[in-house]
Amino acid sequence: MKIYNTLTRKKEEFVPLEPGKVNIYLCGPTAYNYFHIGNARTFLFFDIVRNYFKYRGFQVTYVQNITDVDDKLIDQSIKEKIPVSDIAEKYINAFFEDTNSLGIPKADYYPHATKYIEEMVRLIKELEEKGYAYEVNGDVYFSINADKKYGILSGKKIEDLKAGARVEKNIQKKHPGDFTLWKRSKPGEPKWQSPWGEGRPGWHTECVVMSRKLLGETFDIHGGGIDLIFPHHENEIAQAQASTGSIHARYWMHGGYLNISGEKMSKSLDNFFLTRDVLKKYDAEAIRFFFLSKHYRSSIDYNEDLIKESSQAMKNLYSILKELDYLKYEDEDISYAETHQKLKDQFIEAMDDDFNTAKAISVLFEIAKITRSSNDMNFAHLLVELGQVLGFFTNLEEKLETDLNQISEELIQLLINYRQLFKKEQNWRMADKIRNDLKSLGIQLKDTPAGTEWEIVK
RNA sequence: GGCGACAUCGCCAAGUGGUAAGGCAAGGGUCUGCAAAAUCCUUAUCCCCGGUUCGAAUCCGGGUGUCGCCUCCA
């Protein structure tokens, strides 16, 4: 199994720290707003990573953190005029609603930053003692010049950072690239006690502390969006490795952007779409298909026409299962012959190659084509088995049955409407025939002052 | 100013040295009272120029275009 590692900038054979086990840490949401569809892409992709490892027989521990204290939450609390803790609660709940709507199963752990303040203070203190951090007026900074390996992930040189166009001016810092570990709190802001006075932690420390606690000092995979490479993950590695001297995460995976009209989605351009709004218009599975049809490291242009096309593609897959009455056969004994196994291997080969979901999907369609021409339930089963690895077909019963139920209701209503027309024309023979025929199917019509109602009388 | 990514059929997209997957759309045939569905068939030499090689979409150099990072960001 090969994974592209941002740290080395190449695909590497994945070797877990412990055979048969894989520990994954994904950077989750900052709970200050509903998350946008670009976030959804990342969350959805890492769900597939977790899923695929499980499919390949690994025992997976999957952690996704939640940042519930930070400048943005404070800003939002002022905007909405409710306490920071209420902002966090509101958007954490929204996060779970939206990931659930996207069909993403729960992670094993969702550590909250505010639950780990003590550990963070301890780490910052340690860094200060080791000479990696310094305090100025109640703020504590990490000194990037003290860290010989700084820049290891993003490939940046400390000298180049100086020349950067957007380097913030902060006369307190020894180097403009030094980043905040502890921030003194202003009146009214959330605060905790520390050796440097009342304040709150900086952004990157939480991930060090929480991953260490839940996954160990060194763990297998750390994931996030490409925009987190610098500064977040760079700074995270810096303090983790300065503290322990050992490797923090062994494989760093970063998902590409979701763009709008070729440009990055961002709040300043006001060109972002909230996941919950997109979900109102399009099926979660269509959105999933749309994302997975391109490799995770490439950027994707948000395009609703393409989501509609994806929806059509999914419908075509479902139509095969419907025609074969898949649910009736689900419990049948399934045996894969050589041709089945060969396609399964193709799928695995694609996924083994740095999660090539686009290619994996093409295997799905190949299986679909053969399923249709052969009516072989083993192929149908294979289609479902592999599709489920990508998070498709997870609600088969609902998907295949509700549609039918809904259509049945519509059909009954249609007949009622025709009977109404016949009644108007005083064509009692046809009107009664419809009523009697429906009754023989177990559907009793009842003409009430409010219109015709029906019930199942079987 | 420094660093980096990408450019493949109408649209989306896989392919990283051996002769262009797949999806959506489109056109044609079969089927059909008509239609739908199904099914079969059809559609690219890979941004441009030069080089390496028996052989390049794939490697190298140059050009053009698009985008990203350089401390808010999944």
Side-chain angles (χ1 to χ4, degrees), chain A residues 9-11 26-30 32-33 35-46 64 67 70-72 75 141-142 144 151 154-170 173 175-180 202-204 223-235 254-259 261-269 272 275 286 289-301 303 305-317 319-320 322-323 346 350 353 356-369 372-373:
Chain A
R9 266 163 229 109
K10 56 188 180 208
K11 280 186 203 169
L26 173 66
C27 278
T30 300
Y32 74 107
N33 200 346
F35 68 84
H36 60 61
I37 192 72
N39 299 312
R41 183 189 182 194
T42 304
F43 299 160
L44 222 32
F45 172 68
F46 283 96
Q64 182 171 23
T67 303
D70 141 298
D71 289 357
K72 292 194 289 290
D75 292 345
Y141 300 103
F142 185 94
I144 60 173
S154 58
K156 292 185 189 309
K157 297 186 187 108
I158 292 178
E159 310 87 74
D160 293 343
L161 292 178
K162 260 186 206 165
R166 284 204 276 153
V167 171
E168 139 198 12
K169 290 196 181 74
N170 182 335
K173 294 183 184 177
H175 185 286
D178 290 352
F179 56 90
T180 309
W203 177 28
H204 322 295
I226 192 172
D227 48 343
L228 294 184
I229 293 175
F230 193 90
H232 181 226
H233 290 159
E234 190 69 66
N235 292 351
H254 292 97
Y257 283 124
L258 186 72
N259 294 331
S261 311
E263 284 185 318
K264 179 181 159 182
M265 208 186 268
S266 85
K267 309 246 154 155
S268 50
L269 289 170
F272 63 94
T275 302
F289 186 99
F290 168 63
F291 286 150
L292 296 182
S293 63
K294 191 160 178 176
H295 189 87
Y296 76 92
R297 281 187 283 116
S298 311
S299 50
I300 296 185
D301 216 39
N303 181 329
D305 288 338
L306 289 177
I307 298 180
K308 285 176 199 157
E309 282 182 12
S310 302
S311 180
Q312 182 59 46
M314 280 313 296
K315 263 184 208 153
N316 290 345
L317 291 180
S319 79
I320 296 169
K322 272 182 198 163
E323 277 164 33
Q346 277 177 31
D353 183 14
N356 192 337
T357 53
K359 196 167 186 182
I361 285 178
S362 80
V363 177
L364 252 38
F365 277 93
E366 221 165 295
I367 296 169
K369 196 174 169 185
R372 216 191 291 264
S373 58

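The analysis underlying the following values was restricted to heavy atoms, covering all of them including side chains, and did not include hydrogens, waters or symmetry mates. Here is how names work: the chains are called A, B, and so on, in the same order as the sequence lines, proteins then strands, and each is numbered from 1.
The side chain of A/N39 sits closest to B/A74 out of B/A74, B/C69, B/C73.
With the nearest nucleotide of RNA chain B identified for both A/P231 and A/G256, A/P231 has the one nearer the 5' end.
The OG1 atom of A/T42 sits 9.0 Å away from the CG atom of A/L258 when rounded to the nearest 0.5 Å.
Between A/F43 and A/F35, the ring center distance clears the sub-6.0 Å criterion.
In this model, the phosphate group of B/C73 is not approached by any side-chain N or O of A/Y32 to a distance below 4.0 Å at OP1 or OP2. Contact between the side-chain N/O atoms of A/K156 and the OP1/OP2 oxygens of B/G4 is not found at any separation under 4.0 Å. Within the 4.0 Å cut-off from OP1 or OP2 of B/C12, not a single side-chain nitrogen or oxygen of A/N303 is found.
Nucleotides B/C48 and B/C40 place their C1' atoms 39 Å apart, quoted to the nearest Å. With both ends at atom P, the span from B/A13 to B/C24 equals 16 Å, rounded to whole Å. Between B/U52 and B/A56, the two C1' atoms lie 10 Å apart (nearest whole Å). B/C73 sits 32 Å from B/G15 when the C1' atoms are compared, rounded to a whole Å.
Relative ring orientation between A/W203 and A/H232 is described as parallel, the plane-to-plane angle staying below 30° on a 0-90° scale split at 30° and 60°.
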* Verdict with reasoning, A/H204 to A/H233, per side-chain hydrogen bond (donor to acceptor under 3.5 Å, both in side chains) -> CA-CA 7 Å; A/H204 322 295; A/H233 290 159; over 6 Å; no

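Here A/F43 lies out of heavy-atom contact (under 4.0 Å) with every strand.
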Review item, nucleotides 18-28 of chain B N/O atoms under 3.5 Å of protein N/O:
| unit_1 | atom_1 | unit_2 | atom_2 | d |
| --- | --- | --- | --- | --- |
| B/A21 | N3 | A/S362 | OG | 3.4 |
| B/G23 | N2 | A/E309 | OE1 | 3.3 |
| B/C24 | OP1 | A/N316 | ND2 | 2.3 |
| B/C24 | O2' | A/E309 | OE2 | 3.4 |

